[in-house]
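All residue numbers refer to positions in the sequence shown, counting from 1.
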Amino acid sequence: MIAPVVSFDWLAAHPDAVVADVRFYLDGRSAREAYAAGHLPGARFVDMEADLAGPVTDLTGRHPLPTPSAFAQAMSTLGVSDDSVVVAYDDAGGAMAGRLVWMLRMLKVDAALLDGGLRAFPGELETGSAEGVAPGDFTARPWLPADLATIDDAAHQLVVLDARARDRYAGESEPMDARAGHIPGALSAPFAGNLGPDGRFLPPEQLAERFRALGVTNAAGVVSYCGSGITACHNLIALEYAGLGRGRLYPGSWSQYANTERPAATGAEAGQRPGLNVRGEP
């Protein structure tokens, strides 16, 4: 597979890649209108809630994975086929677009985040909507259990990373979900820490050092979560980009966990489950 993060130069050298605009806002702005006002030339708009999430119930988080058939239909409509190469971007350092990249890579489809995203694009933006997109041929395939974690996994896994901002992890603020705090034993790893001041990913060796400081030397033992399973993908992509392998996504994330009676922890200090080493060793 291609690297999980690629540059504008890489994209220019691969003109057949499907470019996906995966902007998504929590403040009421319309991502579709933002796309129409200006996007990378040829980019197709991906709707986070219509294309990358399924129906919400009392038992799910805010953005459960869609059914495989619904996802396949969405990808086909966007012109994505089984053999496509997809490069996704947003205007938030990949925080939103990482969801699409992670989902596609889970299904062994070549996909990557465009480093720097919309804000780093050096050319002239295109306006309006994509026209004349030929449908793709994307086969519906089940989500792979090896890449996903359940609520029980998140509650008991040795290494659990929380991608939310530190104030939400600490329980000082909770603007969206039923209660504040974090999964007991989870480590605070805000996704923004994967990026430099310019909004691009840190070099792989610096990312590896960041995760090593959290005790992570092999992503195989890692579960990543956030508020609803979106920015958690950013940490998973960063782990892979750092050469540490693939971790697992807890799709329900805090929005599911907070709706249960399971215990919650607060405080800014990174936790560790009693008697466990965060590297996953006994």
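- Between Tyr35 and Phe45, the ring-plane angle classifies as tilted under the 30° and 60° cut-offs.
- By the 4.0 Å N-to-carboxylate-O rule, Arg62 lies close enough to Asp177 to be salt-bridged with it.
- Counting non-hydrogen atoms of neighbouring residues, nucleotides and ligands closer than 6.0 angstrom, the CD atom of Glu124 reaches no more than 12 such neighbours.
- With Met75 as reference, Leu100 is the one residue of Asp137, Leu100, Val86 to meet the side-chain contact (heavy atoms from CB on, under 4.5 Å) rule.
- No continuous path of ILVMFWY side-chain contacts below 4.5 Å connects Phe201 to Phe211, so the two sit in separate hydrophobic clusters.
- Salt-bridge annotation for Arg168 and Asp162: absent, with no side-chain N of the basic residue lying under 4.0 Å from a carboxylate O of the acidic one.
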Residues 189-196, side-chain donor-acceptor partners within the protein, below 3.5 Å, at least two apart:
{"from": "Asn194", "atom 1": "OD1", "to": "Arg210", "atom 2": "NH1", "distance (Å)": "2.6"}
{"from": "Asn194", "atom 1": "ND2", "to": "Phe191", "atom 2": "O", "distance (Å)": "3.1"}
{"from": "Asn194", "atom 1": "ND2", "to": "His234", "atom 2": "ND1", "distance (Å)": "3.0"}
{"from": "Asn194", "atom 1": "ND2", "to": "Asn235", "atom 2": "OD1", "distance (Å)": "2.9"}

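- Of the possible donor and acceptor atoms, none in the side chain of Thr60 sits under 3.5 Å from a partner among the backbone N and O of Val56.
- When hydrophobic residues (I, L, V, M, F, W, Y) are linked wherever their side-chain heavy atoms come within less than 4.5 Å, the members clustered with Ile2 are Val6, Phe8, Trp10, Leu11, Val19, Leu40, Val85, Val87, Tyr89, Leu114, Leu118, Phe121, Leu125.
- Taking a cutoff of 4.0 Å between a charged side-chain nitrogen and a carboxylate oxygen, Asp198 and Arg119 do not qualify as a salt bridge.
- Side-chain contact between Tyr225 and His182: present, with at least one pair of heavy atoms (C-beta onward) separated by less than 4.5 Å.
- A side-chain donor-acceptor contact under 3.5 Å links Gln256 to the backbone of Leu59.
- Between Arg166 and Glu172 there is no salt bridge, since none of the side-chain N atoms of the basic residue sits less than 4.0 Å from a carboxylate O of the acidic one.
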Let me see the working for Glu174 and Arg179 under side-chain contact (heavy atoms from CB on, under 4.5 Å), right down to the final yes or no.
-> CA-CA 7 Å; Glu174 185 42 69; Arg179 52 182 170 142; over 6 Å; no
Worked check of salt bridge (Lys or Arg N to Asp or Glu O under 4.0 Å) between Asp21 and Arg44 | CA-CA 6 Å; Asp21 185 311; Arg44 294 93 188 264; over 6 Å; no
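- A search for side-chain contact (heavy atoms from CB on, under 4.5 Å) contacts involving Gln206 returns Leu202, Pro203, not counting sequence neighbours.
- For the residue pair Leu107 and Trp143, the shortest heavy atom distance occurs at CD1-CZ3, 3.7 Å.
- A salt bridge does not link Arg23 with Asp47: every distance from a Lys NZ or Arg NE/NH1/NH2 to an Asp or Glu carboxylate oxygen is 4.0 Å or more.
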Where do Thr67 and Ser69 land on the side chain to side chain donor-acceptor pair (under 3.5 Å) test, with the steps shown first?
-> CA-CA 5 Å; Thr67 65; Ser69 59; 3.3 Å; yes
